Student: 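Take a look at this one; I'll ask things after.
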Amino acid sequence: MGKSNKGVNTICTHVGEIHDEQFKGAISPLYMSTSYAFEDVDVKRYPRYFNTPNQVALSQKIAALEHAEAAMIFGSGMAAISTALLAFLQAGDHIVLQKALYGGTYNFVNEEFSKYGIEFSFTEGLEPQDFESKIKDNTKVIFVETPSNPLLTITDLAAIGKIAKKHGLVSMIDNTFASPVNQNPLDFGIEIVIHSATKYMGGHSDICAGAVASTAENMERIFHLAKNLGGSLSDYTVWLLERSIKTMGIRVKAQNANAQYLAEYLDAHQEIDRVYYPGLPNHPGHDLAKAQMKGFGGMMSFELDKSYDASEFQKALSLIKPSMSLAGVESTVLSPTLASHALMSPEERKNQGIADGLIRFSVGIEEAEDLIADIEQALEKVRNSSMVSTD
Ligand SMILES: *Cc1c(COP(=O)(O)O)cnc(C)c1O
């Protein structure tokens with residue numbers, strides 16, 4: 001499979017289409033078969049071998065989007081992450097992971113790795129030396145996530161790629177928050193890119209899927225474990241995901257524009273203490289984000305005025321819905337303290353910089369003015385109730 005030199009919207013719309021030779025239909029036909037006649041002894045098509053017609057076609061699209069030689073689609077983001085990690089780690093090995101990580105990845109490492117005799121270290125900071133200082137003789141993998149959840153911290157991809165090569169390690173990134181529209185880590189020397197396709201690739205909050213993209217050689221290694229672990233995605237959902245990705249370029253670009261507009265609005269707002277968005281010049285990772293991202297993304301976080309109740313604010317919103325997930329066409333919010341990071345101790349949250357009034361905001365494709373109006377009416381409600389309660 002060669003690399004594509006087409007632009008992102010063209011790749012989204014066309015790469016990996018299956019031509020309907022029989023009826024000349026406009027879209028890829030869906031092949032639900034779990035049983036295929038042997039074409040020759042080497043090709044045994046079967047969904048769990050990740051090689052049905054729809055799986056192969058969509059893998060080509062995802063590989064092209066990430067400027068990779070090959071890709072695979074999984075049943076969830078965590079199936080993609082767990083399979084990729086275990087393909088490159090065995091008993092006695094060690095991995096260095098970024099401290100700010102998606103909760104599911106953190107739990108997988110923290111709860112499962114000791115059973116397999118795999119050692120792990122989390123970095124203390126996000127500077128390249130924070131990663132390098134954790135490398136040991138038995139380190140095999142370095143794992144990053146940028147922008148991270150929920151504070152949108154930025155990790156230097158080129159520096160991590162260099163450190164990995166210098167020490168002979170495999171570098172992996174969870175590229176979910178950026179999406180392939182905004183960031184292509186392989187171009188910066190990272191070896192393996194992972195996505196929760198449940199987020200921007202799916203984009204409509206109706207698909208759970210994952211993806212991994214890398215060199216053909218790395219994907220071959222991941223495939224050998226993947227077929228044993230069995231985390232493939234149903235062809236019907238593969239077909240839906242192809243349809244979703246056709247509009248990913250325009251969706252994500254619209255979300256970038258909305259998020260930038262809202263971030264600037266909130267940053268100037270009297271009742272918002274702080275905004276975390278890589279597209280703002282006051283964000284500590286802004287210059288780095290500018291260098292390695294094509295767009296700053298649709299995710300941001302902000303802190304309400306300390307006297308305001310984050311839970312009341314969420315309830316007062318009407319267009320923007322509180323939700324655990326993110327990256328859909330609809331705008332959603334989440335309070336990390338009440339939801340995604342609720343199981344952490346208050347000290348641990350403080351240590352990670354997560355304030356009680358922090359709101360994570362997944363910006364959708366609605367009109368920005370309507371989103372602002374919704375935030376303003378919610379602020380008005382909590383403003384009044386905070387005045388009542390302090391009387
Ligand atoms: C949602 C998410 C995952 C996990 O994906 P699932 O599809 O829920 O398994 C991994 N990483 C990030 C950054 C996510 O947002």
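Since the structure is predicted, the reported quantities are computational estimates derived from the model, not experimental observations. Just follow the structure's listing: the first ligand is 1, and inside any ligand the first atom is 1.
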Student: Do Q55 and D235 get their side chains close enough for a donor-acceptor pair, meaning under 3.5 Å?
Tutor: no

Student: Consider only side-chain N and O atoms of Q292 and D187, and report whether a donor and an acceptor are under 3.5 Å apart.
Tutor: no

Student: Using a distance-only test with no angle check, is there a side-chain donor-acceptor pair under 3.5 angstrom linking T155 and Q98?
Tutor: yes

Student: With sequence neighbours left out, which residue pairs that include part of residues 281-300 fulfil the ring-ring contact (aromatic ring centres under 6.0 Å, His included) condition?
Tutor: H286-F296

Student: Which pairs, with at least one residue in residues 113-134 and sequence neighbours excluded, count as a ring-ring contact (aromatic ring centres under 6.0 Å, His included)?
Tutor: Y106-F122, F108-F113, F120-F122

Student: Can you tell me which residues line ligand 1 if we count any heavy atom under 4.0 angstrom from one of its atoms, in chain and number order?
Tutor: S76, G77, M78, I81, Y102, E145, D174, T176, F177, S196, T198, K199, A209

Student: Any salt bridge (charged side-chain N to carboxylate O under 4.0 Å, His left out) pairs touching residues 281-307, not counting sequence neighbours?
Tutor: D273-K306

